[in-house]
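Only one structure is covered here, and it is reproduced in the block below.
Nothing fancy with the numbering, it's 1 onward along the sequence.
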Amino acid sequence: MKKIFKLLSLSICVLLMSAFFVGCSKNSSEQVSFLNYGENIDKETVKDFEKKYNIKVNIETFDDMETMYQKISKGGVKYDVILVSDALMPRMIKKDLIQELNKDNIPNISQMDKAYLNLQIDPGNKYSVPYMFGTVGLIYNKDVVKEKVDSWDILWDEKYKDKVFMFDTYRDTIGVALKKLGYSLNSNNPKEIEEAKELLINQRKAVHPIYGVDNGTTMIPAGETDINMIWSGEGLNLQDENSNLVYVVPKEGANFWIDSLCIPKNAKNVDGAEKFINFVSDKESALRIADEIGYTTPNKEAQLSQPESVRNNPNAYMPKEIMDRCEIYEDFSMDVKKLYDNAWINIKSDN
């Protein structure tokens, strides 16, 4: 907010902050509202965009994709740019919640690696521009874990009782069990889901894994755990910071995820949204964002400018033989979701 506004205008702005982005100091053509998944952007990139275009970027964050979906579907607050997960993309397209992009106004999409374009979630990238991607994998303490780690099997090794960390999220953890069994992590087969459930219940009895989410990133460097499920960005960052930690994508494959930038159907400032998406999709912006948040970038030109230790790391930019064993999460029907919900309740309640 500029300080030159009169006291009355300032007071009105304060009162309306809870309504989020209601025009106080700028109209919709001078600001872009960005609904982002956590702090997945660096501040300098935002400042550079604001300086170049004289457009204020207002950022609101969420920590659960379903929360984002509910906000957008209700339409009470209008955003200009939103971060959308692969699993939710088809649903949001089908529900007409996001609009087709005018790619003439987003020429930097041409910088994206073709491996991350034209995926089944949005054929032809009519609605989305890739922003970041990663995997769910394993990180382990090589000072303690001496055997080769290349499989999800190690999470069931009783040698590491009380020292294994599992995600407290049903898709990720049941997905790992399904992969260990040789099934798809998108299985809708009740028999396969039941097998995965029993496998995880047996693990809880024999290994006593610790369930959590973000706390895993502090537990393993502190020596509280020896083997963790972890997202690749955090895993690769921890590996860089700690010489005894190693991140791997297991040979059975894993969840490959890709988050993309979209423009909601009811966006106020489509022109500003296009400028913002194009700006953060540029090589320099993508390189800085990847360096700041630790996740891998789909921007091919930015990849080539990263340190050799990053661009040639097969657990960051995976070779085809690993990539082919990874899967994007699909959005389940309610019937299938109930199967997973019931399995998860049994897993978590069985001690």
Query - CH2 on Trp152 to NZ on Lys180, rounded to 0.5 Å - result: 11.5 Å

Query raised in the report: Does any non-hydrogen side-chain atom of Tyr329 lie less than 4.5 Å from one of Asp172?
Result: yes

Query raised in the report: Is there a donor-acceptor contact under 3.5 Å linking the side chains of Tyr116 and Asn125?
Result: no

Requested in this report: Show your working on side-chain hydrogen bond (donor to acceptor under 3.5 Å, both in side chains) between Thr61 and Asn36 and close with a plain yes or no.
Outcome: CA-CA 5 Å; Thr61 63; Asn36 193 14; over 6 Å; no

Query raised in the report: Heavy-atom distance under 4.5 Å between the side chains of Asp86 and Phe133, does that happen here?
Result: no

Query raised in the report: Listed by chain and number, what are the side-chain contact (heavy atoms from CB on, under 4.5 Å) partners of Leu181, not counting sequence neighbours?
Result: Tyr183, Glu195, Ala196, Leu199

Report task. Taking the side chain as every heavy atom from C-beta outward, state whether Leu138 and Pro250 have any pair of such atoms under 4.5 Å apart. Result -> yes

Query - Backbone of Glu327 reached by a side-chain donor or acceptor of Asn255 within 3.5 Å - result: yes

Query - Closest approach of Phe62 to Asp64 (non-hydrogen atoms, all atoms of both residues) - result: CD1-O, 3.3 Å

**Report entry** Same cluster (ILVMFWY, side-chain, under 4.5 Å), Val213 and Met65
**Finding:** yes

**Report entry** Within one Ile-Leu-Val-Met-Phe-Trp-Tyr cluster: Leu287 and Tyr295, side-chain cutoff 4.5 Å
**Finding:** no

Query raised in the report: Which pairs count as side-chain hydrogen bond (donor to acceptor under 3.5 Å, both in side chains) when at least one residue sits in residues 210-224, sequence neighbours excluded?
Result: none

Requested in this report: Could you pull out the closest heavy-atom pair between Gln70 and Ser73, with the gap in Å?
Outcome: O-OG, 3.1 Å

Query raised in the report: Is there side-chain contact between Thr169 and Trp344, with heavy atoms separated by less than 4.5 Å?
Result: no

Query raised in the report: What do the steps show when you test Ile347 against Tyr170 for side chain to side chain contact (heavy atoms under 4.5 Å, CB included), and what is the final call?
Result: CA-CA 10 Å; Ile347 292 163; Tyr170 84 93; over 6 Å; no

Report task. Using modelled atom types only, decide if a donor and an acceptor are shared between the side chain of Asn242 and the backbone of Leu238 within a distance under 3.5 Å. Result -> yes

Query - Spacing of CD belonging to Glu252 relative to OG belonging to Ser151, to within rounding of 0.5 Å - result: 3.5 Å

**Report entry** Beyond-backbone contact of Ile82 with Ile98, side-chain heavy atoms, under 4.5 angstrom
**Finding:** yes

Query raised in the report: From Ile72 CD1 over to Leu35 CG, what is the distance, rounded to the nearest 0.5 angstrom?
Result: 5.5 Å

Requested in this report: State, yes or no, whether a side-chain contact exists between Ile109 and Leu117 at a heavy-atom distance under 4.5 Å.
Outcome: yes

Query - Co-membership, hydrophobic cluster, residues Leu185 and Met89, 4.5 Å side-chain - result: no

Report task. Could you tell me whether Glu44 and Lys47 have a side-chain N and a carboxylate O separated by less than 4.0 Å? Result -> yes

Query raised in the report: Same cluster for Phe279 and Ile106 if Ile/Leu/Val/Met/Phe/Trp/Tyr side chains link at under 4.5 Å?
Result: yes

Query raised in the report: Do Asn186 side-chain atoms and Ile328 backbone N/O form a donor-acceptor pair below 3.5 Å?
Result: yes

Report task. State whether the side chain of Gln111 and the backbone N or O of Glu301 hold a donor-acceptor pair below 3.5 Å, judged by distance alone. Result -> no

Requested in this report: Start with the C-alpha gap between Ser285 and Asp282, add the side-chain angles, then the distance that decides, and say whether side-chain hydrogen bond (donor to acceptor under 3.5 Å, both in side chains) holds.
Outcome: CA-CA 5 Å; Ser285 297; Asp282 179 67; 4.8 Å; no

Query - Centroid-centroid distance, Trp231 to Phe167, less than 6.0 Å - result: yes

Query - Straight-line distance of Leu236 CG to Glu241 CD, nearest 0.5 Å - result: 11.0 Å

Query raised in the report: Does Asp42 use its side chain to pair, donor to acceptor, with the backbone of Thr45 at less than 3.5 Å?
Result: yes

In residues 257-265, what donor-acceptor pairs under 3.5 Å come from side-chain atoms, sequence neighbours left out?
{"residue": "Lys265", "atom": "NZ", "partner": "Asp96", "partner atom": "OD1", "Å": "2.9"}

Query raised in the report: Got more than 12 heavy atoms from elsewhere within 6.0 Å of CG, Asp63?
Result: no

Query raised in the report: At their closest point, which heavy atom of Ser187 faces which heavy atom of Glu192, and how far apart are they?
Result: OG-OE1, 2.5 Å

Query raised in the report: What's the shortest heavy-atom distance between Asn299 and Ala302, and which atoms?
Result: OD1-N, 2.8 Å

Query - Which atom of Val136 lies closest to which atom of Met229, heavy atoms considered - result: CG1-CE, 3.9 Å

Requested in this report: Please assess Lys191 against Glu194 for the test salt bridge (Lys or Arg N to Asp or Glu O under 4.0 Å), listing each intermediate value before the final yes or no.
Outcome: CA-CA 5 Å; Lys191 180 177 178 293; Glu194 179 69 17; over 6 Å; no

Query raised in the report: Counting distance only, does the side-chain N/O of Asn228 pair as donor-acceptor with the main-chain N or O of Ile139 below 3.5 Å?
Result: no

Report task. Assess whether atom NZ of Lys94 is packed by more than 12 heavy atoms of other residues, nucleotides or ligands within 6.0 Å. Result -> no

Query raised in the report: Quick one: does Lys348's side chain have a donor or acceptor within less than 3.5 Å of a partner on Asp168's backbone?
Result: no

Query - Side chain Glu50, main chain Val57, donor-acceptor under 3.5 Å - result: yes

Query - Side chains of Lys126 and Asp122 in contact at under 4.5 Å (non-hydrogen atoms) - result: yes

Report task. Go through Glu147 and Val145 one step at a time and tell me if the side chain to side chain contact (heavy atoms under 4.5 Å, CB included) criterion holds. Result -> CA-CA 6 Å; Glu147 67 264 45; Val145 182; 3.8 Å; yes

Query - Asp80 side-chain N/O to Lys268 backbone N/O, donor-acceptor pair under 3.5 Å - result: yes

Query raised in the report: With the 4.5 Å side-chain cut-off for hydrophobic clustering, are Met68 and Ile121 part of the same group?
Result: yes

Query raised in the report: Nearest 0.5 Å, what's the CG-CD1 distance between Asn244 and Ile220?
Result: 8.0 Å

Query - side chain to side chain contact (heavy atoms under 4.5 Å, CB included) between Lys275 and Val32, intermediate numbers included - result: CA-CA 10 Å; Lys275 285 184 171 68; Val32 167; over 6 Å; no

**Report entry** Donor-acceptor pair, side chain of Tyr69 and main chain of Val84, under 3.5 angstrom
**Finding:** no

Query raised in the report: Taking all non-hydrogen atoms of both residues, which atom of Leu155 and which atom of Val176 are closest, and how far apart?
Result: CD1-CG1, 4.0 Å

**Report entry** Lys/Arg N to Asp/Glu carboxylate O, Lys52 vs Asp48, below 4.0 Å
**Finding:** no

Query raised in the report: Should the heavy atoms of other residues, nucleotides or ligands under 6.0 Å from CD of Glu100 be counted, would the total exceed 12?
Result: yes

Report task. Measure the shortest side-chain to side-chain distance between Ile59 and Ile41 over non-hydrogen atoms and say whether it is less than 4.5 angstrom. Result -> yes

Query - Candidate pair Tyr247 and Ile230, rule side chain to side chain contact (heavy atoms under 4.5 Å, CB included), full reasoning - result: CA-CA 9 Å; Tyr247 175 78; Ile230 198 165; 3.6 Å; yes

Report summary line: Between the CD1 atom in Ile154 and the OH atom in Tyr160, the distance rounded to the nearest 0.5 Å is 5.0 Å

